[in-house]
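This report concerns only the one structure given below.
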There are 2 protein chains.
Amino acid sequence: MPTINDVARAAGVSPSTVSYVLSGRRPISAETRARVQAAIAELGFHPHAGARALASSKTNVLALVAPLRVDVNVPVIMQFATAVVTAARSYNHDVLLLTKDEGTAGLERVAHSTMVDALILMDLERDDLRIPALRRLKQPSVLIGLPADHTGIACVDLDFGAAAKAALTHLAGHGHQRIGLVGPSPAVYRRQTTYADRFLTGFLETSAELGLRTVTHPCEPGGEGVRACLAEIDAELPALTALVVHNEEALRPLLDLLQATGRRVPEDISIVAICPRDVAVSMPVNLTSIDIPAHEVGTLAVETAMRLLDGRRVEYTRLLEPSLVERDSCREISTSHR
Amino acid sequence: MPTINDVARAAGVSPSTVSYVLSGRRPISAETRARVQAAIAELGFHPHAGARALASSKTNVLALVAPLRVDVNVPVIMQFATAVVTAARSYNHDVLLLTKDEGTAGLERVAHSTMVDALILMDLERDDLRIPALRRLKQPSVLIGLPADHTGIACVDLDFGAAAKAALTHLAGHGHQRIGLVGPSPAVYRRQTTYADRFLTGFLETSAELGLRTVTHPCEPGGEGVRACLAEIDAELPALTALVVHNEEALRPLLDLLQATGRRVPEDISIVAICPRDVAVSMPVNLTSIDIPAHEVGTLAVETAMRLLDGRRVEYTRLLEPSLVERDSCREISTSHR
DNA sequence: TCGATTCGTCGAAGCGCTTCGACGATGCGG
DNA sequence: CCGCATCGTCGAAGCGCTTCGACGAATCGA
């Protein structure tokens, strides 16, 4: 592997000049620059990342902490990861992948040993223990999610409260008054994953505002869980006309179940789902849905990290507007039925 | 951030002694070691990764190149990634995540700039362009997959040929003679992803060996693709009694379709799936399946990388035995029906 | 009892880069 | 026409660690 010295010698300049050609931090004449670049190309020179990190205290690496346990939401997580890696590359950064289950220790390890310039975390819990740890790090971090006390830490996410509101408003606008919420699995609530809470709160508030009759229920994964959940919802709110589904996994079995029990979508029951677009359109009925904009959120998280790194101002809480896309799972209820 | 010098001063020893305590490469007396460790703990010292990499030419980082485009097989990819990260951590390594679509350039970038000690790639194609590039790197690499010419590069994967054989043998053993293969999507074949080829070849060979009547077909994703695929298979091989499904995405819609058209599993048609265990048991019928042992493969890949790194012998082609698990989707055909 | 080992520690060199201060050569305004 | 700023380049220091050779002290076999 050639070093910067080899390049310097080949180009007949000093190593520092090569460095300045590379970084552009000082003016270099066009001829010199050309000669240096030729030497770089010819020798196939690539600066040594470790040496660079040591000398400049910048690694050009971002940590991405993902919940890799294959429990829920696999496709969404994947989309976030993809977006983050892609965005990071566009800023000339790489991504170090950490699993959530290394917990606080993992964060401290990579931060203290200066392996990364910034951290991006997903799947935050309401009172996430990692937050205080993050505050102690010298590297900035960006959260995908919105834990309870996030003062001083940048957060990016879909506005799940607004999403709930949008879903209910849409349904109410179509004449629906009796609406059930099929929520995430109890495990998600138990962990107090922040989006679940925020969605539920938004749901209840809007329900009250609009004077709707609603009932909410978490939903265990699997066909059995869906059956149980729907049974309870039906029992507590007979003759409901619409369902909001905030649970990707439940979607498919739910539709199967409705079909098996002779309830047609949207003729007998309307549905608004909160899920990625491609999930919504891969169902037997194309679902009216509110997208989880993983790509935007991931990209925005990286962008925020970059701003933080070069000391620019950032919005510390950035909640993306939900957007509801009408497809084929909601119908207008005639007034007489209300 | 304290440095090794701070620790040395605090413990009243030289920096090199601290280093030897850390690495264990030279004997250090118990007292000195204790004093040094106390100092490390008290100061919260963490060695600087870049400095370490520079001095030792080891980064303790592995590159994982994953197909992050959300096309197919998301859960399996996720499982591989999880296994790789977890295994890497157990060897005190971290994982740098690269996307496949950076291609050769990405590999060269991280390798030449000495960001990683070794590379692990997944989703290899038959004549993958990255292979020659890998050969030129000074870092070793491990492939998850088995491209055509892999001389000198370690490969780890499920033995898909044997898997096909196991599936057919199982079905033949239950009296099935007319069997269809629902293959991966045409896109997968087009890319010549290695597992698809290997499975198909094994399927055809075994079919001939056992004197079976078989027909094979790729299967486009989505309900429509499945419908078309099944129609063609039915047309080419009427009265088939069993299906081998090597296509995770197709599984669900296929079962839906069979049910909708009144073909019961396993009464009217038997199924053997090649898919992760949890997919097999999350279907309406628990499927007899051959597991894709993502965890084992991922772990083995890391292990192989580690052996390569410290110069131990490795098996350059390691194909894991498939194991078929009987569940509820295959039934014995009485001889009279044959 | 003595030379040869082994043990435990130190000092210094060096890994490959960035960055700061310095300095001659230009270009400019007055 | 001179002083000053700017341009383009260089040399050297230093980032924090590992590792090699050296060396006194303790240990050992004969």
Side-chain angles (χ1 to χ4, degrees), chain A residues 1-37 39-40 43-61 92 109-117 138 310, chain B residues 1-37 39-40 43-61 92 109-117 138 310:
Chain A
M1 295 272 97
T3 74
I4 201 172
N5 292 293
D6 301 326
V7 174
R9 210 170 310 124
V13 299
S14 79
S16 53
T17 301
V18 177
S19 178
Y20 288 124
V21 167
L22 251 25
S23 69
R25 291 183 172 287
R26 287 210 180 162
I28 299 289
S29 71
E31 310 101 88
T32 306
R33 200 181 319 124
R35 241 177 326 125
V36 168
Q37 273 157 349
I40 288 178
L43 298 181
F45 166 73
H46 290 258
H48 186 292
R52 249 186 166 168
L54 180 57
S56 69
S57 14
K58 281 157 175 268
T59 62
N60 274 37
V61 175
N92 194 28
R109 183 169 53 77
V110 298
H112 288 153
S113 62
T114 327
M115 301 185 75
V116 302
D117 292 339
K138 65 167 189 271
D310 41 50
Chain B
M1 294 271 100
T3 74
I4 202 172
N5 292 295
D6 300 327
V7 174
R9 210 170 308 122
V13 299
S14 79
S16 52
T17 301
V18 176
S19 179
Y20 288 124
V21 167
L22 250 26
S23 69
R25 290 183 173 285
R26 288 209 179 163
I28 298 289
S29 71
E31 309 101 88
T32 306
R33 199 181 320 124
R35 239 174 330 123
V36 168
Q37 273 158 351
I40 288 177
L43 298 181
F45 166 73
H46 291 257
H48 185 290
R52 253 189 162 164
L54 179 56
S56 69
S57 13
K58 283 159 175 266
T59 62
N60 275 35
V61 175
N92 194 29
R109 183 170 52 79
V110 299
H112 289 152
S113 62
T114 327
M115 300 186 77
V116 302
D117 292 338
K138 63 168 193 272
D310 40 52

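For clarity, every value in this text was computed on a predicted model and none was experimentally measured. Quick note on labels: first sequence line is chain A, next is B, and so on, each numbered from 1. Values below: every heavy atom of this structure, side chains too, minus hydrogens, waters and symmetry copies.
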- Query: Just by distance, do the side chain of A:R33 and the backbone of A:V21 share a donor-acceptor pair under 3.5 Å?
  - Reply: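 Not at all, since once roles are kept as given, no pair shorter than 3.5 Å links the two residues.
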OP1 or OP2 of [N] versus the side-chain N and O atoms of [X]: is any pair under 4.0 Å?
X	N	value
A:S14	D:dC10	yes
A:S16	D:dC10	no
A:R25	C:dT18	no
B:R52	D:dG16	no
A:T32	D:dG8	no
A:T3	C:dG16	no
A:S29	D:dT9	yes

- Please test B:Y20 against B:T32 for side chain to side chain contact (heavy atoms under 4.5 Å, CB included), starting from the C-alpha separation and ending with a verdict. CA-CA 11 Å; B:Y20 288 124; B:T32 306; over 6 Å; no
Just how far, in rounded Å, is [atom2] of [N] from [atom1] of [X]?
X	N	atom1	atom2	result
B:N60	D:dC17	CG	P	15 Å
B:D6	D:dC17	CG	P	9 Å
A:Y20	D:dG8	OH	P	14 Å
A:L54	C:dC17	CG	P	12 Å
B:I40	D:dG16	CD1	C1'	14 Å
A:K58	D:dC15	NZ	C1'	15 Å
B:R9	C:dC10	CZ	P	14 Å
B:H48	C:dC15	NE2	P	18 Å

- Between B:M1 and B:H46, does a side chain to side chain contact (heavy atoms under 4.5 Å, CB included) hold up when you go through it step by step? CA-CA 8 Å; B:M1 294 271 100; B:H46 291 257; 6.0 Å; no
Hey, does [X] reach any base, or is it just sugar-phosphate, or nothing, if we go heavy atoms under 4.0 Å?
X	result
B:S56	sugar-phosphate
B:P47	sugar-phosphate
A:V18	nothing

- side chain to side chain contact (heavy atoms under 4.5 Å, CB included) between B:H48 and A:L54: does it pass, once the steps are laid out? CA-CA 8 Å; B:H48 185 290; A:L54 180 57; 4.3 Å; yes
- Task: Hey, which sits more toward the 5' end of DNA chain D by its nearest nucleotide, B:R26 or B:A51?
- Result: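 That would be B:A51.
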- Do A:S19 and A:S16 meet the criterion of a side-chain donor-acceptor pair at a distance under 3.5 Å?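 Judged by distance alone, the side chains do not pair up.
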